Amino acid sequence: MLKWPTLQHLSQASLEEVNEMWAGLGYYRRARFLLEGAKMIVAEGSEFPNTVFALRKVPGIGDYTAGAIASIAFKQVVPVVDGNVVRVLARLKAIFANPKDKTTVKNFWKLAAQLVDPSRPGDFNQSLMELGATLCTPLNPNCTSCPVLSQCRALHNSRNDESVMVMDYPMKVVKTKQRNDFSTVSVVEISRSQDRLQQTKSNSRVLLVKRPDEGLLAGLWEFPCVTLDEEADLSMRRKLIDQLLKKSFKLNPPKNCNVISRELVGEFVHVFSHIRRKIYVELLVLHLKGGKHVLFEEDDINATDWKLLDCEAVSRMGLTSSVRKVYSMVQKFKQDGTSNNSVPLRKRPKCS
DNA sequence: AACTCGGGGAC
DNA sequence: GTCCCAGAGTT
């Protein structure tokens, strides 16, 4: 809101800028949709869409968001159904249903539509969600504090039948477990000095590369890395990183650069919604030999898929959670030389 | 209908 | 660790 106070402002931003602001929040497609949506609404020229029908046309706005905006912002008498609402209604009406089933959810929309308060639809919808988030929780619901306990069929059933519990509604679904993969990240420091003692902040740059525009973490910046489906030993991991650096950046020691140091910094596990990723982190300090190199040639400084930054610039950048974790591990490693994974992740400074 | 997308809070 | 999801879009 501070950076782009209006849709007009936002619509003028680049995806790069929006990604930067969104970094760390996850579900990065939402950042792209937000920008596309802003552009679309501004291009239409008319007023902000204020009905579910119109909102639904905006990229990134689905049934839930359309209902939420229409009811909360525009007082339209429409329902919202999210995970909380499904749970609350399933218990209120003692519906033992699969919350992931499309038809089931449709029925919950119908039910919610019948219940929504015409005089205060936004407040009603928010209260239903809030009830699910605070009292009618998935585990150990606080029924004794519930404002609608007298109307709750699940609670009623649980009092008449010892084998029934409020918690059992709605049906528990077995979720597919994450796949495992293995990533090796190389924080590559390009030093302009051969002398280890002269490697100060001012003459050292870190290499960042941009991910592809589609797929996981699309278009976001990270340190050079290779990802495998299987675990690989240290020599294999280094070999693959070497190949990447040679292929993408013509870094080919000892021909055009020297390896000043190469150390294992540590490892940690990063969990996505559908991937459990073990990440190995190394710090690779290189010195470029004399003569021209792609990393310092005028033409390539303007490259869009990589950049060299000093420490401060890296710290200021909007980076994904795991990339921040990697960098904080490296910083700590350089500070006291310990190789461990106990670095607490420093949260991204809030935009106050 | 199943899959693809992150990250963090509560416990 | 395990549970949850203020979900949308694509395949």
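Because the structure is predicted, anything quoted here is derived from the model rather than measured.
Remark on DNA chain B: of its neighbouring residues A/Thr103 and A/Ala218, the 5'-side contact belongs to A/Thr103, judged by nearest-heavy-atom nucleotide. Both A/Asn140 and A/His270 lie near DNA chain B, and the one whose nearest nucleotide falls closer to the 5' end is A/His270.
What separates NZ of A/Lys57 from C1' of C/dG9 is a distance of 17 Å, to the nearest Å. One can place NZ of A/Lys172 at 16 Å from P of C/dT2, the figure rounded to the nearest angstrom. One can place CG of A/Leu139 at 9 Å from C1' of C/dC4, the figure rounded to the nearest angstrom.
In this structure, A/Ile275 reaches neither bases nor backbone, as no heavy-atom distance under 4.0 Å exists between it and the strands shown. Within the nucleic acid shown, A/Gln126 has no heavy atom closer than 4.0 Å to any nucleic acid atom. If you check every strand for non-hydrogen atoms under 4.0 Å, A/Ala68 touches nothing. Among the atoms of the strands shown, only primed sugar atoms or phosphate atoms (P, OP1, OP2) are found under 4.0 Å from some heavy atom of A/Thr320. Within 4.0 Å of A/Arg276, counting heavy atoms only, lies no atom of the nucleic acid at all.
A cation-pi geometry, defined here as NZ or CZ lying under 6.0 Å from the six-membered ring centre and within 45° of its normal, holds between A/Lys57 and A/Phe53. Remark: A/Lys278 is not positioned above the aromatic ring of A/Phe268, lacking an NZ or CZ atom under 6.0 angstrom from the ring centre and at most 45 degrees off the axis.
Between A/Lys210 and A/Glu222 there is no salt bridge, since no side-chain nitrogen of the basic residue lies less than 4.0 Å from a carboxylate oxygen of the acidic one. For the pair A/Glu36 and A/Arg32, the salt-bridge criterion is met [side-chain N within less than 4.0 Å of a carboxylate O].
Between the side chain of A/Tyr27 and the base of B/dG7, no donor-acceptor pair of N or O atoms lies under 3.5 Å.
Of the side-chain N and O atoms in A/Thr65, one or more sit less than 4.0 angstrom from OP1 or OP2 of C/dA8. Considering only side-chain N and O atoms, A/Thr137 lies nowhere under 4.0 angstrom from the phosphate OP1 or OP2 of C/dC4. Between A/Arg179 and B/dC3, a side-chain N or O to OP1/OP2 separation shorter than 4.0 Å is absent. Between A/Arg56 and C/dG9, a side-chain N or O to OP1/OP2 separation shorter than 4.0 Å is present. Within the structure, every side-chain polar atom (N or O) of A/Arg32 is placed at least 4.0 Å from both OP1 and OP2 of B/dC5. At least one side-chain nitrogen or oxygen of A/Arg30 sits closer than 4.0 Å to the OP1 or OP2 atom of C/dG7.
Here the closest non-hydrogen pair linking A/Phe223 and A/Ser186 is CB-O, 3.7 Å.
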